[in-house]
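Take a look at the structure below.
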Amino acid sequence: MIRAGLLDEVADVLRYEKSVDEYGADHGEWKVVAEGVPCQVSHRRSGFGEIHGEVGYTYLTAFTFRYTDAVKEYDRLEWDGRLYQVEGIDRSLRRYGELPVTCSLVDLNEQ
């Protein structure tokens, strides 16, 4: 179990909710599904990688939560005023009560 003193940050979990209007067009927006979830943040690595099909500089950040089902692979996290796309979730540490989530910084122009 991750110690409570290590959970010194809070992040919001956002999920894309899609709706269809009367003409059949898809509309959607990112909505907060979990607000103020305690976590530990560490910056993993940065370097060149693929962003939206183009090669660019990526920033990977690791968020460690107490084990929860609130975070899914298709979600985004909002922390420190920035959006992060979930890249992977390591569920192998659930027996220890931890949920490491690796995220990449979303393009600021996309917000």
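Here the structure is a predicted model, which is why all the values come from computation and not from measurement.
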Exercise for the section: Given side-chain contact (heavy atoms from CB on, under 4.5 Å), test Val37 with Phe65 step by step and report yes or no. Expected result: CA-CA 8 Å; Val37 182; Phe65 299 94; 3.5 Å; yes

Handout entry: Glu17 bridged to Arg15 by N-O distance under 4.0 Å
Key = no

Problem - Exercise: identify the closest heavy-atom pair between Pro38 and Leu7 - result: CB-CB, 4.0 Å

Handout entry: Salt bridge present between Glu73 and Arg91 (N-O < 4.0 angstrom)
Key = yes

Practice task
Among Thr61, Thr64, Leu77, find the residue that satisfies the side chain to side chain contact (heavy atoms under 4.5 Å, CB included) test when tested with Val41.
Solution key: Thr61

Handout entry: Closest heavy-atom pair and its distance - Leu99, Asp90
Key = CD1-O, 4.2 Å

Handout entry: Centroid-centroid under 6.0 Å between Tyr96 and Tyr67 rings
Key = no

Practice task
Answer yes if Val32 and Trp30 sit in the same cluster of Ile, Leu, Val, Met, Phe, Trp and Tyr residues linked by side chain heavy atoms under 4.5 Å apart, and no otherwise.
Solution key: yes

Fill in the blank from the handout: Taken to the nearest 0.5 Å, the spacing of Leu6 CG from Cys39 SG works out to 11.5 Å

Exercise for the section: Kindly check if the number of other-residue, nucleotide or ligand heavy atoms within 6.0 Å of CD (Glu9) is above 12? Expected result: yes

Exercise for the section: Would you kindly say whether Glu87 and Ser104 are connected by a side-chain donor-acceptor distance under 3.5 Å? Expected result: yes

Exercise for the section: Determine the minimum heavy-atom distance between Leu14 and Glu78, stating which atoms define it. Expected result: CD1-CB, 3.6 Å

Exercise for the section: Check for a donor-acceptor pair, side chain of Asp80 on one end and backbone N or O of Arg82 on the other, with a separation under 3.5 Å. Expected result: no

Problem - Lys72 side chain vs Asp69 backbone, donor-acceptor pair below 3.5 Å - result: yes

Fill in the blank from the handout: Closest non-hydrogen contact found for Ala70 with Asp75 is O-OD2, 3.6 Å

Handout entry: Linked, directly or transitively: Tyr16 and Val106 (ILVMFWY side chains, under 4.5 Å)
Key = yes

Problem - Geometric class of the His43/Trp79 ring pair [parallel <30°, tilted 30-60°, perpendicular >60°] - result: tilted

